Structure formats: C-alpha cells, structure tokens
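Input: a single structure, listed below in structure tokens.
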Number of protein chains: 2
Amino acid sequence: MSGRGNGEGVFEAAAPDWSFEDGEGAPRPQASLLSSAMVGSANRGRVLQALFDLGPTSRAELARRAGVNRTTISGIVQPLLDQQVLVEGEPIPSSEGGGKPARPLWFAPDARPICGMLLMPDSVRTCLVTLEGRISAEHVEAFGPSRGSDAIERAIAAATERTLAAAHREPLGIGVAVGGMVDTDRRSIIAVNLAPAMNGLQLGAALTRRFGLPAFLDHHPRALLVGDRWFGKGRGARHFAAVYTGEVLGGALYLGGRLYRGPSGAGGELGHTFVQVDGAVCSCGRRGCWETIATLGWLRREAQAAGIAEPERIDSARLVAFAEAGDAAAGELLDRYARNVAVGIANLEQTVAPNSYILHGDVVGGGERLKAAIAAHVRRLVPDRGTGELAFHLGETEDRAALLGAAGLVLSELLQFPL
Amino acid sequence: MSGRGNGEGVFEAAAPDWSFEDGEGAPRPQASLLSSAMVGSANRGRVLQALFDLGPTSRAELARRAGVNRTTISGIVQPLLDQQVLVEGEPIPSSEGGGKPARPLWFAPDARPICGMLLMPDSVRTCLVTLEGRISAEHVEAFGPSRGSDAIERAIAAATERTLAAAHREPLGIGVAVGGMVDTDRRSIIAVNLAPAMNGLQLGAALTRRFGLPAFLDHHPRALLVGDRWFGKGRGARHFAAVYTGEVLGGALYLGGRLYRGPSGAGGELGHTFVQVDGAVCSCGRRGCWETIATLGWLRREAQAAGIAEPERIDSARLVAFAEAGDAAAGELLDRYARNVAVGIANLEQTVAPNSYILHGDVVGGGERLKAAIAAHVRRLVPDRGTGELAFHLGETEDRAALLGAAGLVLSELLQFPL
DNA sequence: CATGTTAGTTTGAGGCTCGCACAAACATAG
DNA sequence: CTATGTTTGTGCGAGCCTCAAACTAACATG
C-alpha cells in the first residue's frame, strides 16, 4: 500500500533551515545543485501550493494542471493522506460521458494550524489560523506605558502561550508581522519606531527556543502581501504588489511566482522613495518622500486647509462619505489623494511591472470609489506598453489581513522550497 | 568510458522553447513539476555558470563550492568534455601537503561563439563573442535616411550574414539588444522611438527562420545588465542593478540570482518614474519624470544657464574635465547632476535593494570622480538599515557593453534553466 | 449487456545524485 | 629509496524520483 518512503518529513523541506538552534543565518550553500530528495520536496511543495490555489482538486486534475503523469501525483499525495495532512472528499459525479468519479483532495479539517502574530509598537496580537484561513484563539496584550524590554517579551510570551494552548494539534510554526524593520535572514528585529526596546530583539530564535516551533519574521507590508498570496486576492498570481497606506507607507512584491526579499530582507520601503525632490520635509529628515504626500498626515493637513469638518479625524472612509454626500471640497481632495497614492504605484509599475496591486490600510476604508480613483490615476501615469492591463484590489481589514499574513509567512517558508 | 547518456543536448535546456517555429509565447506549463531530466539540465547549467564565474576550476573544487559529491561533477562534466565544450587544462601542481594535481576545466578555446547584435534607431551592429568575452567580426550597417521597413530588415540580414560567415563553428545563438521597447516573450519589438518602421517587428522569429539559430531580444538596459552579469562586474553577484544614463534613462535588475523580467519583459523603465511631481514636462508628456533631471538634456540646459563653455557639447566627461581644471560652476553642476542621478538610484534601492549598482552610458565618461559623487549622494539619500554596504561600479564603454550584453542574453537563456 | 470514458494503482525502466571503495599522482619524513 | 599521508578523479551499487504502459474500478450510454 501507500508510501514510497518519502513521507517522513511531510510539510518539511529537505533541509529545513529553521531547525538550526541559533538565530544565525542559515549556512545554505551558495548555488547548490539539485538532488533527487530536493526534487521530491520541491514537487511536494508545488503540489500543495497548487491545491491551495485551486481548492479541492482530484489527483487527475492536479496532474493535468502540472503537466505531469497521474502516477506522479499519486506518489506525492499518498504519504500526505497517510499522515492525515490531506483527506479525500466525497466523490464528484462524473460529468457527461461517464467515467469514474473523481475524489477531490483537500487539507484535513483538523490539519495542524499556524500561529500568527502581529507585533506593533504598543501591543502584540496572536491567533491560530487554519489552512483555510479561519482565525481563532485571538489574544491581545498591551505593553503598558513603560515598554521596557522585559515587559514586551513577557507580553509576547503570554499571548503566545494562551493562543498555543488552544491548538488541538501542534502548529506548523509561528509567523510574525512586525511593525518595523526586520532582518528576515537572522529572524530578528532591526528597529521599531516608538518602541526602541525592541531594537535588535532576536525574536525568531527566542520563540523557537521557548515554544519549540519554527518561527519566521517579516515586516508588516510583506506579511500583508503573503497573506494575500495565500488567503486573498493574490492567490495563484505570478506577479503582484501589496501597497499599504496609512500613517506610513509600505509595500512588498511578489515577482515571478515568488516572494521577493532583498538582501537581509530589504526592499519594499516605498514610503521613503522620492517623488518630490526638494519637497516637504519627511519624518525621516529627507525631503520629498512619497510619505509626505500620500499618508494620513498629508490628508489631515490638506483637509484642514480645504475647510473640511473635523480635519484631524479625516481618513479615507470619512472623506469618501463626505464626497458622496456632495461635498465638493472633499471630492476634490479625494482626487488629489488618489493621485498622490497613484504616483508611487506608477513608479512601482515602471520599475518592476507587477501589473496587479492589492491595496491595504487606510485606503481600504475608501472602498470601491477610492480604488477606482487610484486606478484611473495610475493608468494615466503609466505609459502604455500595449501588453496587459493593470488590476487593482482591496485587501482585508487591517488586523485580519496582518494576522493572515503572519500565518502566511510560515506557509511561504514551508512550501516555497529554495530552488 | 564517458557519458552516462545525458550528453546529447549539451548546452540545451530540457525543453528549449526557442525551438518553436512561430514567434508565439512558449506554452510552458504554469507551475510544472521537476523531473530527473530537468534536474540534469539545471545542474549542468549551474555547473557551467559556476565555471564561468570562477574561471578555470577543477572538478573537486567545483564539487566543494556546490556542496555536492565529486562523482556528481564528474558525471556532469564528462559529456561536456567528450563534446569538446570543455577541455582539461594543464595540471596545477598540488600545494603544500601533496596530493594529486588538479586538472582545471575551462571552455574549449574553439567553443561555439555567440552572435551579438545591437539594434539602434539608425543602425545595426553585429559581432561574434567568445565565451571569454572577446569580440570579433564586427559589422555595422546604417539604415539610410528613409528607414523603411525593408531597408532595415535588409541591413540587419546583411550585417548578420557577414558576421556569421566569420564563425568557425556554429554560434550558440543570436542575442539582440534593442534601443526600444521589446516583448521578450514574443521575441518581438514593441516600439522604437525615431524608427517607427521597427514597431511590431517579429525579429526573433525572423532571425531564427533565416539563420536557423535561436534568437533572443531584450531592450538595451537589460542587455547591459546581462553583459555585466556574464562578462563584467556583476559576475557571480546575487543582486545588482544596471543603470543607463545619457539622452534617456533606463535600468535593469538582477534579483536573487536571476535576471528579472516582468510580464512580457516589462520592468526597468526607470526613466519615467516620478521624482518631481508636477515638475518639468518630459518627452513622454508627463511631468517630473526622472528623465527630466538626470539626462544629458537637463545637463546641457543647466550648463547653458551656468555659463559653461559650449553647453551644447557638454557631457559627463567634459564636465568632469572642467571641474578638475578648477571651474567652480562646473564643479557645482557636477554635484547637482550626481545628486539627480542618485535620486533615482536611491528610489531603486528603497524599492528592491539590489545593494550593488553598475553605471552605464554617459556617466562612464565621468570616471571615478563622478561615480564617487553619485555614490556619496545615494548613501546620503538612503536610510541606513545597518545591513550591508552599497557598491558602485562603472560599466564598459558603450558599444562594447551593449554587444557583450546582447551575447549574454543567449547565455542567460541557455544556462538559466526555468526553475 | 457491451462499449466507451475517466480515475486511480501497480510495475518496471530510466535519470540523477550519493556514499563507498579504489587507482593515480603528488609531497614529506625517515 | 621506501613508507605514509593527501588530494584528484573514477567505477559501482543504492536510493529517490518521474514516466510510460498496463490494469482495475466506477461511472455513463445505447
């Protein structure tokens, strides 16, 4: 029956670098060659990824999609069934012309969950996420006014502890979305504005040591992207970008079918790209960063200048509401805001051409109206190559998107084989 | 002796998509799985790539670098030796401690060359390039004032014909650097400013049909990058960017050990990213593109305003010469020019963080002085992550860089297995 | 009930890398 | 000159993986 012997480490890469004890970067050989074992692991990952993207699917269908033999899929899938990672669903009656009914495969309902964590300057939020994207066992801890290093670590540990206690099976890992700069190789925090006590924190190593689970960090915008890739509008896409707007600006890229991370996890710091040389002074001390014209700070100042009611409380949602109520000044400001956001997206499109954008953060509150306005401006600002259209989507609401993204970091690491 | 049977298609991918007759995009399955044959092809490519990057190297050394068994390298390399793609060099005397002398492997001196082509609005230039980066059999054809479609195609064919006639062995393929927009998937030209007769030209398919060789196109900046990757400062790097400045601005990216191409080969159109919202009108009709402040056009206008001699003839080389001769106005303009170039590079660094930049085009004439000025400005404009330093290099002179790059396109395609 | 169609499994063959053992070619110490 | 150690490169069998072909199971249709 079953297994050809390749099932011992299901859901694990051939050489899982997160198994290293210390937090140092994995000593992965530079341009290593491929071995049969890696092929097995990589193909298993691709099959699971395809299953994820397609929903419940039969072996035959998976084989057709991947362009491989049915027997290959059977060989990959059988150990996963034996291990209860996957289950066979009810037979789907054959369509016209007859034929044996297909047995769709899907992740077991009681498959191992993922622990997602959102770490912000003033609080930590943890939860469990199922492979189908359901969130449960949510816990929040605030750090209190002192925000000392100890208090933060205690709060993180407490929240994680309570969330993990709710898991019926051991989670696949812990994914952390950090509201600050992260060194993804070292799985440590570089710096968090407003919470300097976190600077240099070796969080990945600490979580692994304490809870015995693999832990992965990334900064907030990249987590949003990863969440979209696994649980949202980016599912199955080969190229897309996530753009976060709010008090700050950030972004992340999915390029050529894989998450893009620069050296040490750099890249995507869109907020401090220049769109207005010698423009307004930015919080970073430079002039003319995109952040100076496409954040809530700009919006509030302009709302004040335009005489809009309660300018200090303005955001995309309220602005759109005013505009739709017929407030001309609000409509005009809405358009300028959309234009300013579009400028950075247009630059991104010219630079790496993801062609598809998922908007997160404050603009989500602006709904379809704001999205359409941004899209129109981007299309006007990008020279036409006559090849493909630009697509725009709205992401999930803020906390939910971040938690799903944090969980997605674990999936990316487990299924995204280092080829 | 020899071959384990994997040598029939040396230097060819498992499924060479350039073998398709028509110019349609290759119907490569979306997320295909890996097979043994692909492993062999990919590993062969990686070994050759490593050899390229390291220079003459013994099997044992290659095995150590790749972290694989010596027998594996032998198995990969033996068919290549049988086919005269590689040759064994003279034994290298063993160092201290004795041991059998190593036999370094290197590409055969009479290995198949590559045909490189540089296609500009007014002329075509072809040549042969050896695997060691030597250029020969250069031919140039001008299109004449009419620049009709027929004249252009005749000129291309004539130059190619003469260059190919000089090849002792059949070239591996034809690589074309195009001074315009290219659809790399379809291997066709989208548009060339100043030469609208080229628009829509299916050049890749035409060359393959006429000369029976695989042909690959890309736009000029990406060819420069590829040339750097194989024959220049980008050799062996995992991340770097090429930036071209001159009458126009362009760029290309090498990310995570592979050439980045967006959908249909988009990406890298840096010249029309916005750095000055509502700034000066650009040739594209928009306002504030990077091109409006970092091209020779800007430099000439500013030189005129600054009262520099012969402003219409100014370029980086002359500007640096003036500055070094003590012309204060030239020194001040040089610094502003460097700053303007640096703005776009800083944006690129913030977006994808290549960390390493190779400068091409006009700025090369400015030499170390201009390079240092640009580097200083970029370092000032990019927030410090405390992780890694930025590196800057000057590329080769203009035509040489482009021809090497065109040839490199063929290497990239043959050695860069689609994993 | 015979025939056609599709899903999934069994079996053997072929490719690839790996570990082990072995021959070849050096250096060094005695 | 001989014995020993070291490094390079080469057979050989084992293990893993995919593939093709043949086979069974489960449905439709006439």
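Every chain is numbered from 1 and lettered A, B, ... according to where its sequence line falls, protein lines coming before strand lines. Note that the structure is predicted; figures quoted are calculated from it, not measured.
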Problem set entry | All salt bridge (charged side-chain N to carboxylate O under 4.0 Å, His left out) counterparts of A:R70, not counting sequence neighbours |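 Scan of A:R70 (salt bridge (charged side-chain N to carboxylate O under 4.0 Å, His left out), adjacent residues dropped) gives none.
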In whole Å, what is the span from the [atom1] atom of [X] to the [atom2] atom of [N]?
X	N	atom1	atom2	result
A:E90	C:dA7	CD	C1'	16 Å
B:L33	D:dC19	CG	P	7 Å
B:I92	D:dG9	CD1	C1'	14 Å
B:M38	D:dC16	CE	P	22 Å
B:R44	C:dC16	CZ	C1'	12 Å
B:L34	C:dG14	CG	P	22 Å

OP1 or OP2 of [N] versus the side-chain N and O atoms of [X]: is any pair under 4.0 Å?
X	N	value
A:Q78	C:dT9	yes
A:N43	D:dC17	no
A:S74	C:dG8	no

Problem set entry | N/O donor-acceptor pair under 3.5 Å between B:R235 side chain and B:F52 backbone |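 Yes.
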Problem set entry | Heavy-atom donor-acceptor pair, B:R169 side chain to B:D110 backbone, under 3.5 Å |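 Yes, B:R169 side chain to B:D110 backbone: donor-acceptor pair under 3.5 Å.
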For this session: Between protein and nucleotides 20-28 of chain C, map the contacts as a letter string: B base, S sugar-phosphate only, - none, heavy atoms under 4.0 Å, written 5' to 3'.
Result: B---BBBS-
Problem set entry | First of A:V68 and B:S58 reached from the 5' end of DNA chain D, by closest nucleotide |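 So the residue in question is B:S58.
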For this session: Specify the residue among A:S35 and A:R64 whose closest nucleotide of DNA chain C lies further upstream toward the 5′ end.
Result: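 Here A:R64 is the residue nearer the 5' end.
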Hey, does [Y] have a side-chain heavy atom less than 4.5 Å from the side chain of [X]?
X	Y	result
A:L217	A:T184	no
B:V410	B:E413	no
B:L213	B:E170	yes

Could you give the side-chain donor-acceptor pairs of residues 226-233 of chain A under 3.5 Å, partners two or more places apart or in another chain?
from, atom 1, to, atom 2, distance (Å)
A:D228, OD1, A:H360, NE2, 3.3
A:D228, OD2, A:H360, NE2, 2.5
A:R229, NE, A:Y254, OH, 3.1
A:R229, NH1, A:D53, OD1, 3.0
A:R229, NH2, A:D53, OD2, 3.0
A:W230, NE1, A:G408, O, 3.4
A:W230, NE1, A:S412, OG, 2.9
A:K233, NZ, A:L394, O, 3.3

Exercise. Between D:dT18, C:dT17, C:dG8, which nucleotide has the shortest distance from any of its atoms to the side chain of A:I76?
Worked result: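 Among the listed nucleotides, the one closest to the side chain of A:I76 is D:dT18.
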Exercise. Less than 3.5 Å between a donor and an acceptor, one on the side chain of A:S36 and one on the base of D:dC16, is that the case here?
Worked result: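 Looking at the base of D:dC16, it does pair with a donor or acceptor on the side chain of A:S36 (distance under 3.5 Å).
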